[in-house]
Amino acid sequence: MPNNQTLLVLLVSLLTVSCSSTAPTDTSMFTLSPNTTMGSLIPLPRSVRPSADTFTLVKGARIYVSPASAELTAVGEYLAGKLNPSTGFGIQVAGAAAPPASGNLFLTTDGGDPALGEEGYVLTITRDLVTLTAFRPAGLFRGIQTIRQLFPPSIESASVKSGPWNLPGGTISDSPRFGWRGAMLDVARHFFSVQGVERYIDLLAYYKINRFHFHLTDDQGWRIAINSWPNLAAHGGSTQVGGGPGGYYTQADYAAIVAYAQRRYMMVIPEIDMPGHTNAALASYAALNCSGLTPPLYTGIEVGFSSLCTNSAATYKFVDDVIGEVAAMTPGPYIHIGGDEAKSTVLTDYIRFVDSVQVIVESHGKKAIGWEEIAQSHLRPSSIAQHWVTEDFVRSAVHQERKVIMSPSSRSYMDMKYTPSTTLGQDWAGTIEVSNAYTWDPVTQVSGLSEADILGVEAPLWTETIQTVADVDYMAFPRLPGYAEIGWSAQAGRNWGEYRVRLGTHGPRLTAMGVNFYASPQVPWK
Ligand code: TNX
């Protein structure tokens with residue numbers, strides 16, 4: 001029998017062997033610090049284990065997918081579409097039953113770990129191969145954004161660049177903190193073309209945003225064609241803030257935007273704001289007004305002066321018809337009913353109205369989301385409240401055991417100016433420099449909430465002062481990547497001092513994508 005000392009030596013050597021066989025094969029430790037890891041990713045992944053390898057993409061490489069379904073082929077085509085303009089390689093997508101030969105990329109859900117959930121992925125980069133594995137196709141799509149961010153910034157260029165197209169070796173294992181990571185665009189105050197909206201959606205996707213909240217109606221414009229009430233778009237959509245021509249989306253336009261978002265694994269949440277913020281509708285149909293008279297179209301930027309007539313049958317017919325048509329063209333489970341700033345609706349009427357509208361939404365097979373004021377009503381079990389300014393309302397939603405989305409105006413309103421000298425934007429909720437936009441936690445933002453109450457975060461862009469795609473870019477970037485990270489990454493791994501450096505490396509990426517971002521002096525731009 002061996003003595004104790006021999007046993008001890010045996011044990012130590014066994015431990016050493018087993019440790020070194022599971023540890024990374026190179027120098028590095030498991031780490032979250034991006035200065036020593038693969039690239040400068042936003043949002044920061046859950047875990048990164050770099051290696052000393054480098055993968056180089058060269059002409060002739062292919063993207064292989066398994067299974068070779070139409071869905072995974074489309075995911076592969078998305079990546080090819082992002083790599084081909086700058087590399088000029090004409091990368092093709094093909095099916096593969098097993099990992100392909102050296103020099104290729106492999107996207108697969110085969111054997112994907114269910115623990116990765118809907119959006120998680122594992123990315124392994126060796127000298128020979130790029131392997132992206134997920135449980136679901138959405139996870140592959142999120143992982144593709146990581147691959148894009150690991151290439152040099154010029155990979156985003158619309159014209160051929162010289163490369164070399166290197167990826168750092170290692171393994172990234174990633175999944176989000178919150179399932180709801182949204183951005184809202186107000187197309188009512190100023191109208192944006194289908195192309196402009198799609199371009200924005202594609203930029204959101206680069207930062208793993210998965211919800212697009214589409215603010216379609218307001219006092220200044222009704223932007224979605226409703227067949228049963230055609231004057232809403234025809235008249236209510238005919239102007240905008242400042243008196244320009246406005247515009248509206250046909251139902252085919254809307255379907256195209258939804259499909260475009262769907263290909264990016266992004267859910268569209270349409271908002272029909274009511275009972276306030278309804279002047280465009282009131283101006284289109286006399287029957288919606290308690291007075292029976294249509295007000296003129298409105299092109300200013302005041303809020304709180306309009307209300308549907310909450311006690312008339314015509315109003316409920318209107319709500320039912322509009323929600324019915326919008327629900328029918330929306331594959332996602334939610335309809336946003338607004339409910340904010342109903343300052344011209346008597347509170348008892350407001351409560352009865354919101355109670356009824358939630359039932360109407362459910363009757364069309366959807367769940368209602370509303371701004372936090374709806375917590376004054378009796379929230380249906382499936383209804384969701386969106387916080388923007390009044391903490392008592394959002395706490396009331398939580399007391400009713402409802403989930404909330406966090407869009408605190410003092411932190412996440414992208415229409416707020418960065419500094420007092422920003423020419424675009426408003427400042428009623430304060431000025432929001434890039435650091436203010438980043439340094440908050442959705443769970444501690446409002447006292448009395450816990451992680452389980454919170455679906456996630458959303459950054460709205462109201463457009464009273466925002467007229468062009470270049471204006472949208474300027475207000476959203478570079479705050480938006482920070483909101484994306486707040487929604488995706490663990491709170492414990494986040495700090496401004498490190499983030500600002502990482503964000504600085506995204507300057508050339510945004511430039512290559514043609515984004516007109518605000519070059520905040522808080523960020524050490526590369
Ligand atoms: C408040 S936020 C509003 C919007 C305005 C925005 C401007 C919210 C639910 N209502 O109608 O566009 O302020 O910052």
Side-chain angles (χ1 to χ4, degrees), residues 184-190 213 215-223 232 236-237 239-243 246 271-286 288-312 315 318-319 322 336-358 368-377 385-394 396-397 407-410 412-417 425-430 458 460-466:
M184 189 213 81
L185 183 64
D186 170 10
V187 294
R189 271 57 176 271
H190 282 98
H213 172 176
H215 184 80
L216 288 166
T217 69
D218 215 301
D219 289 317
Q220 299 86 346
W222 184 283
R223 306 298 179 205
L232 291 169
T239 190
Q240 60 185 3
V241 169
E271 178 179 351
I272 306 296
D273 202 346
M274 55 193 149
H277 288 279
T278 43
N279 190 77
L282 298 169
S284 304
Y285 287 98
L288 301 177
N289 297 270
C290 287
S291 66
L293 300 171
T294 51
L297 292 168
Y298 180 69
T299 61
I301 65 168
E302 295 300 313
V303 296
F305 60 87
S306 58
S307 180
L308 293 172
C309 190
T310 56
N311 299 313
S312 87
T315 295
F318 159 83
V319 171
V322 168
H336 201 302
I337 59 170
D340 56 315
E341 297 176 313
K343 295 176 188 170
S344 300
T345 316
V346 174
L347 183 59
T348 50
D349 291 343
Y350 175 86
I351 291 170
R352 210 155 19 82
F353 179 78
V354 173
D355 284 358
S356 304
V357 173
Q358 292 174 82
I369 304 179
W371 298 104
E372 63 202 356
E373 287 96 324
I374 67 164
Q376 297 169 102
S377 75
Q386 183 165 6
H387 170 55
W388 64 285
V389 73
T390 307
E391 300 194 349
D392 282 343
F393 288 155
V394 76
S396 159
S407 304
S409 44
S410 62
S412 73
Y413 266 31
M414 296 188 292
D415 64 319
M416 292 301 120
K417 294 173 182 287
Q426 309 205 51
D427 62 3
W428 66 262
E458 193 174 291
L461 182 52
W462 303 101
T463 59
E464 285 94 335
T465 67
I466 312 300

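Because the structure is a prediction, the values reported are computed rather than measured.
Residues Leu185 and Thr463 form a side-chain contact, since some pair of their non-hydrogen atoms from C-beta on lies under 4.5 Å apart. Between Val187 and Leu216 the shortest side-chain heavy-atom distance falls below 4.5 Å. Under the 4.5 Å side-chain criterion, counting only non-hydrogen atoms from C-beta, Met184 is not in contact with His336. Ile337 places a side-chain heavy atom less than 4.5 Å from the side chain of Met274. Side chains of Trp222 and Val322 form a contact here, defined as non-hydrogen atoms less than 4.5 Å apart. Counting heavy atoms from C-beta outward, Arg189 and Ile301 have side chains that stay 4.5 Å or more apart. The shortest distance between side-chain heavy atoms of Cys290 and Asn311 does not fall below 4.5 Å. The side-chain heavy atoms of Ile374 and Tyr350, taken from C-beta on, include a pair separated by under 4.5 Å.
A salt bridge does not link Asp355 to Arg352: none of the charged side-chain nitrogens sits closer than 4.0 Å to a carboxylate oxygen.
Side-chain atoms of Ser307 and Ser344 include no donor-acceptor pair closer than 3.5 Å.
The distance from atom CD of Gln426 to atom CD1 of Ile466, rounded to the nearest 0.5 Å, is 9.0 Å. Of the inter-residue distances, the one linking Asp186 atom CG with Gln220 atom CD reads 7.5 Å to the nearest 0.5 angstrom. Note that CG of Leu282 and OG of Ser306 are 6.0 Å apart. Values are rounded to the nearest 0.5 Å.
A distance-only check finds no donor-acceptor pair linking the side chain of Asp427 to the backbone of Met416 [under 3.5 Å]. A donor-acceptor contact shorter than 3.5 Å links the side chain of Asp219 to the backbone of Asn279.
Between Trp462 and Tyr413, the ring-plane angle classifies as tilted under the 30° and 60° cut-offs. Classified by interplanar angle (parallel below 30°, tilted 30° to 60°, perpendicular above 60°), the ring pair Trp428/Trp388 is perpendicular.
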Go through it in stages, so that I can follow the logic: the residues are Glu372 and His387, the test is side chain to side chain donor-acceptor pair (under 3.5 Å), and I'd like the CA-CA distance, side-chain angles, deciding distance and then a yes or no.
CA-CA 5 Å; Glu372 63 202 356; His387 170 55; 2.5 Å; yes

| Step-by-step ring pair (Phe, Tyr, Trp, His ring centres under 6.0 Å) determination, Trp371 to His215 | CA-CA 12 Å; Trp371 298 104; His215 184 80; 7.3 Å; no

Verdict with supporting geometry, Val241 and Thr299, side chain to side chain contact (heavy atoms under 4.5 Å, CB included): CA-CA 4 Å; Val241 169; Thr299 61; 5.7 Å; no

Worksheet entry | Stepwise side chain to side chain contact (heavy atoms under 4.5 Å, CB included) test for Thr390 and Glu373 | CA-CA 8 Å; Thr390 307; Glu373 287 96 324; 5.9 Å; no

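Of all the heavy atoms in Lys343 and Gly304, the pair that sits closest is CB-O, 3.5 Å.
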